Amino acid sequence: MSSSITIILDKCTGCTLCIKKCPFGAIHMASKKAVIDMAKCTLCGACVEPCKFQAIELNKEAGEKKDLSSYKDVWIFCEQKKGVIQSISFELLGEGKKLAKKLGVKLCAVILGHDIESKIEELSSRGADKIYLVDHQALKSYQDDPYTEVLTKLAREYKPEVILCGATTIGRSLVSRVAVKIDAGLTADCTGLDIDEKERLLLQTRPAFGGNIMATIITPNHRPQMATVRHKVMKEAEIHKGHKAEVIRKTYPESVLKTRTTLLDIVEEIEETVNLAELRDDKGACKGDKRRGRGFARYG
Ligand code: SF4
Ligand code: SF4
């Protein structure tokens with residue numbers, strides 16, 4: 001049986017209360033009875049309880065219960081530009097370490113690029129227990145198709161419990177594609193993360209309803225639990241020189257790395273504006289450098 005929602009016309013008094021309770025604007029009145037627009041209804045159930053006349057009947061399909069027990073480890077997608085690991089990755093490694101500790105699993109860094117062997121030491125020193133490294137010319141700069149295919153393949157093979165990614169232009173573009181492919185839950189733009197240790201759930205907190213409330217979102221029925229995290233919200237992982245991570249090098253055939261676009265050039269734009277988030281001295285205090293480069297990719 002598939003899920004369905006029905007208005008029981010005999011019981012509906014036309015009080016209109018359900019219209020106010022539907023967050024998706026899916027209910028209207030016709031001939032003094034509530035009518036649900038199934039093109040808008042998400043079957044969220046928010047209208048059922050407020051109806052004092054039990055005029056709304058929601059039947060939700062139980063759905064096939066997935067075996068989630070084989071999913072392990074916290075993965076951090078480490079974004080690199082021109083071979084430089086972006087600072088958001090270190091923030092995520094710092095936060096990921098705490099989450100991995102609570103779950104009793106390993107913290108893993110995932111890095112895609114070209115000539116990136118030298119990044120192993122940097123990621124190890126930031127606390128990664130394992131590094132998944134895919135090195136290929138086609139991955140030198142971010143492109144949607146090969147990055148999506150590679151991360152999808154890695155996730156399917158190694159089954160991480162959690163995948164975190166920066167809420168950057170690249171991160172948002174990449175993980176939304178991956179989440180759809182692997183049928184995972186994804187919460188965008190999180191500002192807080194924690195673990196429900198009993199249920200092994202990632203608690204993903206983010207502003208909701210125009211920033212008026214903070215919502216904590218969970219993904220109980222799907223794995224991995226995926227989230228993008230805003231820049232400069234979390235503290236960077238401390239550097240521990242000498243910490244060694246296990247490295248898993250993966251290679252993929254050209255068919256996996258092909259792209260529908262051609263990257264012609266990456267153009268640096270010099271701005272006369274100050275990015276307050278990035279301006280810090282060695283002690284973490286703001287400094288006053290006014291010129292800053294911003295990258296643009298031109299595709300053909
Ligand atoms: S709240 Fe119930 S009774 Fe009122 S209009 Fe909606 S369905 Fe009808
Ligand atoms: S189930 Fe949710 S989306 Fe559908 S009509 Fe009720 S409140 Fe609106």
Side-chain angles (χ1 to χ4, degrees), residues 66 70-86 88-89 92-93 108-120 122-123 128 130-189 222-229 231 245-269 293-300:
K66 282 189 178 178
S70 56
Y71 289 81
K72 292 271 169 338
D73 296 343
V74 173
W75 280 20
I76 308 300
F77 175 77
C78 294
E79 200 177 304
Q80 60 81 19
K81 279 183 191 161
K82 294 189 171 180
V84 177
I85 298 173
Q86 302 298 292
I88 179 72
S89 309
L92 294 178
L93 283 165
C108 307
V110 181
I111 184 161
L112 280 52
H114 188 44
D115 285 340
I116 48 172
E117 281 287 322
S118 60
K119 303 298 154 202
I120 291 171
E122 199 175 353
L123 293 173
K130 247 189 223 181
I131 300 170
Y132 293 92
L133 182 139
V134 187
D135 192 321
H136 193 282
Q137 172 68 31
L139 301 170
K140 185 174 178 181
S141 298
Y142 177 77
Q143 296 222 66
D144 283 327
D145 288 343
Y147 269 67
T148 302
E149 280 306 310
V150 168
L151 190 54
T152 300
K153 288 214 171 298
L154 285 171
R156 282 196 178 129
E157 183 176 353
Y158 294 100
K159 298 190 168 182
E161 199 165 358
V162 170
I163 302 179
L164 303 180
C165 190
T168 59
T169 311
I170 288 175
R172 286 176 177 147
S173 185
L174 173 64
V175 289
S176 52
R177 288 174 160 82
V178 174
V180 169
K181 281 185 176 262
I182 60 179
D183 194 23
L186 169 65
T187 305
D189 285 351
H222 294 267
R223 293 289 180 275
Q225 302 162 89
M226 298 176 72
T228 61
V229 178
H231 193 22
E246 178 191 349
V247 182
I248 296 158
R249 292 177 182 80
K250 293 292 291 182
T251 52
Y252 291 100
E254 296 296 325
S255 57
V256 172
L257 300 165
K258 66 180 188 304
T259 174
R260 289 167 294 173
T261 55
T262 308
L263 183 58
L264 299 177
D265 198 4
I266 295 175
V267 183
E268 292 286 333
E269 186 191 63
R294 206 171 68 182
F296 282 95
R298 201 142 49 87
Y299 293 96

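This is a predicted model, so every value here is computed, not measured. Numbering of residues begins at 1 and proceeds along the displayed sequence.
With hydrogens and angles disregarded, a donor-acceptor distance shorter than 3.5 Å links the side chain of Asp135 to the backbone of Ile116. Panel note: side chain Thr259, backbone Thr261; a donor-acceptor pair is recorded below 3.5 Å. Counting only distance, with no hydrogens or angles, the side chain of His136 and the backbone of Gly113 share no donor-acceptor pair below 3.5 Å. A donor-acceptor pair under 3.5 Å is absent between the side-chain atoms of Tyr132 and the main chain of Arg249, judged by distance alone. Of the possible polar contacts, one joining the Thr152 side chain to the Thr148 backbone as a donor-acceptor pair under 3.5 Å is found.
Scanning all heavy atoms of the two residues, the minimum distance from Ile88 to Gly166 falls at CG1-CA, 3.5 Å. Here the closest heavy-atom approach between residue Thr228 and residue Gly171 is recorded as CG2-O, 4.3 Å. Closest approach of Ala109 and Ala128 over heavy atoms only: CB-CB, 4.0 Å. Closest heavy-atom contact between Tyr147 and Ser141: CE1-O, 3.6 Å. Taking each heavy atom of Ser89 and Glu79 in turn, the nearest pair found is OG-N, 3.0 Å. Taking both residues in full, the closest heavy atoms of Tyr142 and Ser173 are given as OH-OG, 3.6 Å, listed atom of the first, atom of the second, then distance.
In this structure, SG in Cys78 is found 4.5 Å from CG in Leu93, a value given to the nearest 0.5 Å. Atoms CG and CG, on Leu123 and Leu133 in that order, are 8.5 Å from each other to the nearest 0.5 Å. Interatomic distance, Asp144 CG to Arg260 CZ, rounded to the nearest 0.5 Å: 8.0 Å. Atom CG in Asp115 sits 12.0 Å away from atom CG in Leu139 (nearest 0.5 Å). With rounding to the nearest 0.5 Å, the separation of CD in Gln143 from CD1 in Ile170 is 10.5 Å. Rounding to the nearest 0.5 Å gives a distance of 13.0 Å between NZ of Lys159 and CG of Asp73.
Ion pairing of Lys258 with Asp145 is absent here, as no side-chain N (NZ or NE/NH1/NH2) approaches a carboxylate O to less than 4.0 Å.
Contact of the Leu186 side chain with the Ser176 side chain is registered, since non-hydrogen atoms from C-beta on lie closer than 4.5 Å. With a 4.5 Å cut-off on side-chain heavy atoms, Thr168 and Gln86 do not count as touching. Taking 4.5 Å as the limit, every side-chain heavy atom of Val175 sits out of range of all side-chain heavy atoms of Phe77. Using a 4.5 Å heavy-atom cutoff, the side chains of Lys82 and Lys140 are not in contact. Within the 4.5 Å cutoff, side-chain heavy atoms of Tyr252 are placed close to those of Leu154. Within the 4.5 Å cutoff, side-chain heavy atoms of Leu112 are placed close to those of Val110. Taking the side chain as every heavy atom from C-beta outward, Glu246 and Ile131 never approach each other to under 4.5 Å. Side chains of Glu161 and Pro224 form no contact here, defined as non-hydrogen atoms less than 4.5 Å apart.
The number of heavy-atom neighbours closer than 6.0 Å to NZ of Lys130, taken from other residues, nucleotides and ligands shown, is above 12.
Residues meeting the side-chain hydrogen bond (donor to acceptor under 3.5 Å, both in side chains) test with Glu122, sequence neighbours left out: none.
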Would you please test Tyr158 and Lys250 for side chain to side chain contact (heavy atoms under 4.5 Å, CB included) and show each step?
CA-CA 12 Å; Tyr158 294 100; Lys250 293 292 291 182; 3.4 Å; yes
